[in-house]
Amino acid sequence: MVDYFQILCGALALLLAVYYYLTSPYKYWKKLGIAGPQPSLIFGNLKSSMLEQSSMSDTIKKMYDEYKNEPVFGIYGGRSPILVVNDLELVKDVLIGDFSMFASRGLQLFPKVDRLQEHLFQLEPEIWRPLRARLSPVFTSGKLKDMFPLVVECGEHLEKYLDTVTKKGEPVECREIAAKFTTDVIGTCAFGIDMNAIADEDSEFRRMGRELFAPSLKQAIRNMTRLFFPAIYARVGYFVQPTKITNFFTKVVMDTMNYREVNNVVRPDFINMLLELKRNPRQLENVELTDSFLTSQAFVFFVAGFETSSSTIGHALYELALQPDVQDKLRKEIRENLEENAREGKSLTYEQVKEFKYLDAVFRETLRKHPIVPMLLRQVNTNYTFKDTKITIPKGTKIWIPVYGIHHDPDIYTKPEVFDPERFTNDGILTRHPTSYLAFGDGPRNCIGARFASYQSKVGLISILRNHKVEVCEKTTIPFNCDNQKFFLALKGGVMLKMSRAE
């Protein structure tokens with residue numbers, strides 16, 4: 001005879017065990033005496049962003065605003081404890097002063113599942129250090145100067161394309177236009193390939209880039225499983241990989257490298273640096289330079305190069321459309337600096353871009369208000385006590401630097417919701433803490449391509465605004481509303497603006 005009481009007790013015991021498993025980590029910060037918001041089951045403090053109820057940027061800002069008077073506060077990503085560091089002096093210690101203790105990003109890798117995951121952004125310090133040293137020469141000012149005419153040529157193609165677009169008189173998605181430009185720039189400068197994204201509406205490279213960031217059920221499952229159930233992801237994650245994209249980029253990179261080897265082609269670009277690594281594997285000890293490893297480095301450069309810069313150009317155009325006086329001032333600077341070039345039929349030069357002071361301020365303010373990545377990730381490799389505090393964290397603790405929260409703190413940036421390039425005049429910069437602006441990170445593990453991204457974005461804006469203007473229209477999202485489906489900061493509905501020839 002079935003003993004229903006025993007079954008009931010067993011079921012209750014199982015439920016209690018599951019409940020304990022889910023909630024036991026949530027006492028972690030309380031035991032260490034560190035404040036923080038109350039977590040929810042399974043999701044911790046990231047429920048709203050993981051369920052796409054709010055963007056990651058908005059989630060970060062909400063928590064930062066509540067606890068910004070604390071030097072640090074504790075949250076949970078699923079069951080994993082994360083320490084958010086607010087105090088700018090402590091941020092400086094993490095990113096710069098004590099970098100050797102925080103060199104890791106603390107990201108779990110699944111190379112057998114995700115073939116393009118072993119790239120510079122995610123690798124652990126023992127591989128990241130020598131790899132960064134080998135790749136850094138690609139991004140020197142000298143190499144960028146050599147590439148610059150190719151960037152300008154892509155800008156000229158963009159201008160001609162805009163002439164055809166504006167004749168239609170219809171609202172245009174400016175971020176998509178910028179993505180065509182940045183895809184072509186990355187193609188020609190990094191890979192020596194004409195990706196033809198501007199001229200060809202059905203460019204395969206642009207299609208792959210668009211597909212990579214398009215929200216999908218597969219992507220949502222992949223992200224949630226990797227974060228909350230890594231053990232399961234390590235076993236079955238290959239079912240939710242973007243296989244078509246992975247295969248496409250692997251073939252492109254390997255075919256390009258093989259062609260150059262066979263035909264003895266040498267170019268001062270990213271692919272050439274990967275070829276040198278392949279020929280001299282001793283430069284990276286204890287690393288197997290597989291096709292996937294080499295492709296991963298090119299893949300992350302392509303993705304970061306086109307996505308972040310195109311979003312920045314789009315956000316800048318959005319803000320300039322809302323403030324025509326700022327746009328007019330910027331266009332005046334552009335035209336004055338290029339007036340002599342126009343008379344002599346010369347192209348924009350690398351040195352000239354440095355003279356566009358107001359453009360630089362617009363670029364910086366765009367990334368201040370709309371930082372593409374909402375937080376910086378680190379992990380401590382030893383027991384660590386923050387300076388001038390009693391806060392000690394154990395080895396392995398994950399760290400977040402709340403970039404979006406810091407950039408929107410009214411105690412740091414007066415009226416942070418206002419787009420004001422004047423913040424980045426010399427006087428404005430000198431009055432702020434050095435780690436109050438983190439658009440490209442800071443310290444030894446900052447963005448390796450920051451200089452390239454800056455020049456690429458500026459050439460894009462110059463090419464667009466010299467002879468064209470942008471205005472808001474009935475399809476423009478006002479006020480700025482983050483797209484909850486995307487991790488990187490993006491405007492919901494896209495950057496829809498009216499574009500026309502400027503007088």
Side-chain angles (χ1 to χ4, degrees), residues 1-56 58-60 62-64 66-67 70 72-84 104-114 117 215-241 375 377 379-384 390-400 402 484-485 487:
M1 185 175 176
V2 178
D3 191 333
Y4 290 106
F5 180 73
Q6 287 185 339
I7 294 175
L8 181 62
C9 289
L12 184 60
L14 179 62
L15 286 173
L16 288 172
V18 170
Y19 180 79
Y20 178 79
Y21 172 80
L22 293 174
T23 59
S24 58
Y26 298 155
K27 299 174 183 178
Y28 184 85
W29 294 122
K30 191 173 182 179
K31 289 179 180 177
L32 291 179
I34 295 174
Q38 183 67 29
S40 61
L41 283 177
I42 301 177
F43 299 99
N45 298 105
L46 305 181
K47 180 179 179 180
S48 60
S49 57
M50 294 309 300
L51 296 182
E52 298 178 354
Q53 297 168 342
S54 72
S55 69
M56 183 60 78
D58 288 334
T59 299
I60 293 286
K62 183 179 179 181
M63 292 189 293
Y64 175 87
E66 185 177 355
Y67 290 93
E70 299 283 346
V72 300
F73 66 94
I75 65 170
Y76 300 89
R79 301 174 70 248
S80 177
I82 299 166
L83 187 73
V84 183
S104 172
R105 293 197 191 275
L107 295 170
Q108 191 170 351
L109 298 180
F110 304 90
K112 293 182 180 179
V113 173
D114 187 342
Q117 195 183 31
S216 66
L217 178 60
K218 181 185 284 190
Q219 182 189 64
I221 294 173
R222 184 168 67 247
N223 292 341
M224 291 185 68
T225 309
R226 186 165 49 199
L227 178 62
F228 299 124
F229 308 104
I232 295 175
Y233 183 78
R235 289 171 174 79
V236 299
Y238 56 86
F239 286 117
V240 289
Q241 296 304 313
M375 72 283 195
L377 312 178
Q379 185 175 45
V380 68
N381 63 15
T382 184
N383 294 340
Y384 181 83
K390 295 181 180 180
I391 302 168
T392 298
I393 54 175
K395 177 181 178 179
T397 300
K398 293 181 178 180
I399 307 291
W400 280 10
N484 297 342
Q485 293 184 311
F487 175 81

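Basis for what follows: all heavy atoms, side chains included, without hydrogens, waters or symmetry-related copies. Note that the structure is a prediction, hence the values are computed from the model and not measured.
Taking the side chain as every heavy atom from C-beta outward, N223 and F487 never approach each other to under 4.5 Å.
When every heavy atom of S54 is checked against every heavy atom of T59, the shortest pair comes out as OG-OG1, 2.9 Å. In terms of heavy-atom proximity, P402 sits nearest to Y64 at CG-CD1, 3.7 Å. Across all their heavy atoms, P394 and Y28 have their closest contact at CG-OH, 2.9 Å. Between P215 and Q219, the shortest heavy-atom contact is CA-OE1, 3.5 Å. Closest approach of P230 to Q108, counting heavy atoms only: CB-OE1, 3.6 Å. Between Q117 and P111 the shortest heavy-atom distance is OE1-N, 4.1 Å.
Under the 3.5 Å distance criterion, the side-chain polar atoms of R222 are matched with a main-chain donor or acceptor of V240. Between the side chain of N383 and the backbone N or O of K395, at least one donor-acceptor pair lies under 3.5 Å. No donor-acceptor pair under 3.5 Å is formed between the side chain of S80 and the backbone N or O of G77. In this structure, Y26 contributes its side chain and S40 its backbone to a donor-acceptor pair below 3.5 Å. Within the 3.5 Å criterion, the main-chain N or O of S49 finds no donor-acceptor partner in the side chain of N484. Not a single donor-acceptor pair under 3.5 Å links the side chain of Q379 to the backbone N or O of K398. Remark: side-chain polar atoms of W29 are not paired, donor with acceptor, to backbone N or O of F73 under 3.5 angstrom.
In this structure, CD1 on I60 lies 5.0 Å from CH2 on W400, to the nearest 0.5 angstrom. We find the CE-CD1 distance between M63 and I82 to be 8.0 Å, quoted to the nearest 0.5 Å.
With sequence neighbours excluded, the residues satisfying ring pair (Phe, Tyr, Trp, His ring centres under 6.0 Å) with F110 are Y233.
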### Residues M56, M375; criterion side chain to side chain contact (heavy atoms under 4.5 Å, CB included); working and verdict
CA-CA 9 Å; M56 183 60 78; M375 72 283 195; 4.2 Å; yes
### Query
Is there a side chain to side chain contact (heavy atoms under 4.5 Å, CB included) between V113 and Q241 once you walk through the steps?
CA-CA 8 Å; V113 173; Q241 296 304 313; 3.5 Å; yes
### Derivation of the side chain to side chain contact (heavy atoms under 4.5 Å, CB included) call for I393 and I399
CA-CA 10 Å; I393 54 175; I399 307 291; 3.9 Å; yes
### Message
Applying side chain to side chain contact (heavy atoms under 4.5 Å, CB included) to Y384 and T397, what does each step give before you reach the verdict?
### Response
CA-CA 9 Å; Y384 181 83; T397 300; over 6 Å; no
